[in-house]
J.: 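Below is one structure. I have some questions about it.
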Amino acid sequence: MNSFSYQKAKDVQNAVQLLGGNLGAEYIAGGTNLTDLMKYFISKPQQLVDLNPISDHHTIQENGHGGLRLGALVTNADTAYHAEVETRYPLLSKTILAGASAQIRNMATNGGNLLQRTRCYYFYDVNTPCNKREPGSGCSAIGGYNRIMAIMGSSDLCIAVYPSDMSVALAALEAVVNVSGADGDRTIAFADFHRLPGDTPHLDNNLKHGEVITSIDLPPNGFEKHYAYLKLRDRNSYAFALVSVATGLDLDGDRIKEARIALGGVAHKPWRVKAAEDYLAGRQAIKENFATAADIILEGAVSYKYNSFKLGLARKAIIRNCMMALDPSSQLPGAQPSL
Ligand SMILES: Cc1cc2nc3c(=O)[nH]c(=O)nc-3n(C[C@H](O)[C@H](O)[C@H](O)COP(=O)(O)OP(=O)(O)OC[C@H]3O[C@@H](n4cnc5c(N)ncnc54)[C@H](O)[C@@H]3O)c2cc1C
Ligand code: SF4
């Protein structure tokens, strides 16, 4: 472990001030991702600024716009089991509980979850080239073992996927991320928060260095009547998604008024295709229409040597998950349908 200094932030202004323009400094919240990255010598901060003492980022409350504001430092566990989240945003609750383990969710925070880094094997292996870890060094995954990698939105420089489950629901719900930095406060629409790799794969998101995530706003509509999350992975717990799908539907009888479909495990950010959601609006909520929507979502998907199975898996997962959203009780433990 490299040596580093450690300071506790008193409030958000103090956090921003402590980090200052020091590119070698990083914030720490639950530490469940950052300490791993430090132990693998991927992150080598000279200074850590602990956000946990910032008392006003530990609450979940009404946001004044009909939705909820999730404090950045509320743990994933406290968020998933919060009564209002469970009732009004069960899709969010379900995605959080599909991630990691109970112990990790007790430490992991909402802000940290958004900023967790890819699980690409080569990113973690400092003996291999990786453009994300070391810009310009090359990408070991493109010609390597790429089973878990992207099928959408990748570039010639990086084909990694973003691993958060929670963020797949936040994308579907169209959450807003509130941040504070040296230039003041700003809000970032969830769709604009994470980046595609393009020619800057070392950048995961559009947060500026030194900006603190203060909270996440959930819009009023939580799609609480018709929602589903399906996470397909190698083990049934403690594993990241190969493909995941979050669906929220607003129905009028058997017709779809509005559909939201977000995918995880397939791209460098949660993946939504508006054309597919627009296609579903006004149509019957039937398998054939969900299948067409899946085809629209997967138009232009590109696979690599070891991950072509994701193309068929994603299509089936989208259709299955939309069908499950019609009757959320089908997702109760033991009621998970096979593909
Ligand atoms: C074994 C294991 C299995 C896991 N499985 C899953 C899984 O299946 N699904 C899933 O979604 N996740 C999974 N995770 C990841 C886990 O959810 C994240 O590690 C966690 O959410 C990160 O939150 P944290 O508070 O611990 O972040 P930290 O590790 O403290 O920080 C992560 C990054 O965010 C920055 N940061 C933190 N808070 C803020 C803030 N408020 N403002 C600005 N910057 C900030 C830090 O500087 C750091 O760069 C797993 C983790 C482990 C170790
Ligand atoms: S896919 Fe991205 S993270 Fe993985 S080795 Fe290539 S550049 Fe690195």
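These figures come from a predicted structure and were not determined experimentally. Order of listing sets the numbers, starting from 1, for every ligand and every atom in it.
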J.: Below the 3.5 angstrom mark, is there an N/O of A72, backbone or side chain, next to an N/O of ligand 1?
T.: no
J.: Are R147 and D234 within salt-bridge range, i.e. N to O under 4.0 Å?
T.: yes
J.: For A29 and ligand 1, does the shortest N/O to N/O distance drop below 3.5 Å?
T.: yes
J.: Consider ligand 2: state whether an atom of it lies below 4.0 angstrom from any non-hydrogen atom of N146.
T.: no
J.: State if H57 counts as touching ligand 1 under the rule of any non-hydrogen atom under 4.0 Å.
T.: no
J.: Pick, from V177, I54, N113, L114, the option with the minimum heavy-atom distance to atom 21 (O) of ligand 1.
T.: N113
J.: Only heavy atoms count here, so choose which of T214, L115, I216, D204 is nearest to atom 36 (N) of ligand 1.
T.: L115
J.: Would you call K274-E174 a salt bridge at under 4.0 Å N-O?
T.: no
J.: Only heavy atoms of L51, strictly under 4.0 Å: list the atoms of ligand 1 that pass.
T.: 38 (N), 39 (C), 40 (C), 41 (N), 42 (N)
J.: Following the transitive rule for hydrophobic clusters with a side-chain heavy-atom cut-off under 4.5 Å over Ile, Leu, Val, Met, Phe, Trp and Tyr, establish whether I28 and V12 coincide in one cluster.
T.: no
J.: What part of T128, side chain, backbone, both or neither, has a heavy atom within less than 4.0 angstrom of ligand 2?
T.: neither
J.: Taking distance alone, with no angle check, do M166 and ligand 1 share an N/O pair under 3.5 Å?
T.: no
J.: Describe, in one word, how the ring planes of Y162 and H194 are oriented to each other, choosing from parallel (under 30°), tilted (30 to 60°) and perpendicular (over 60°).
T.: tilted
J.: At a 4.0 Å threshold, what atoms of ligand 2 neighbour a non-hydrogen atom of L157?
T.: 7 (S)
J.: Looking at non-hydrogen atoms alone, which of T109, I104, L37 comes nearest to atom 53 (C) of ligand 1?
T.: I104
J.: Does a salt bridge link K132 with D204, judged by any charged N lying under 4.0 Å from a carboxylate O?
T.: yes
J.: Examine I261 and V161 and state if one hydrophobic cluster contains both, with Ile, Leu, Val, Met, Phe, Trp and Tyr joined whenever side-chain heavy atoms are less than 4.5 Å apart.
T.: no
J.: Looking only at distance, does G31 have an N or O less than 3.5 Å from an N or O of ligand 1?
T.: yes
J.: How about atom 4 (Fe) of ligand 2, which protein N, O or S atoms come within less than 2.8 Å?
T.: C120 SG
J.: Can you see which heavy atom on I159 is nearest to which on M149, and at what distance?
T.: O-CB, 3.2 Å
J.: Looking only at distance, does N33 have an N or O less than 3.5 Å from an N or O of ligand 1?
T.: yes
J.: Which heavy atom in V16 sits nearest to a heavy atom in G210, and how many Å separate them?
T.: CG2-O, 3.9 Å
J.: Can you tell me which residue among T95, T32, N110, N106 is in a side chain to side chain donor-acceptor pair (under 3.5 Å) with N76?
T.: N110
J.: Only heavy atoms of D36, strictly under 4.0 Å: list the atoms of ligand 1 that pass.
T.: 53 (C)
J.: Any atom of ligand 1 sitting under 4.0 Å from a heavy atom of A239?
T.: yes
J.: At less than 4.0 angstrom from any non-hydrogen atom of R119, what atoms of ligand 1 do you find?
T.: 51 (C)
J.: Under 4.0 Å from any heavy atom of S164, which atoms of ligand 1 are there?
T.: 11 (O)
J.: Heavy-atom contacts with A100 under 4.0 Å: which atoms of ligand 1 show up? List them by number with element.
T.: 4 (C), 5 (N), 6 (C), 7 (C), 8 (O), 9 (N), 13 (C), 14 (N), 50 (C)
J.: Is there a nitrogen or oxygen of D165 sitting under 3.5 Å from a nitrogen or oxygen of ligand 1?
T.: yes
J.: For atom 8 (O) of ligand 1, which of the options Q103, K231, Q116, R233 provides the nearest non-hydrogen atom?
T.: K231
J.: Show the atoms of ligand 1 that are less than 4.0 angstrom away from any heavy atom in T32.
T.: 18 (C), 19 (O), 20 (C), 22 (C), 23 (O), 24 (P), 26 (O), 29 (O), 53 (C)
J.: Are any of the N/O atoms in G99 less than 3.5 Å from those in ligand 1?
T.: no
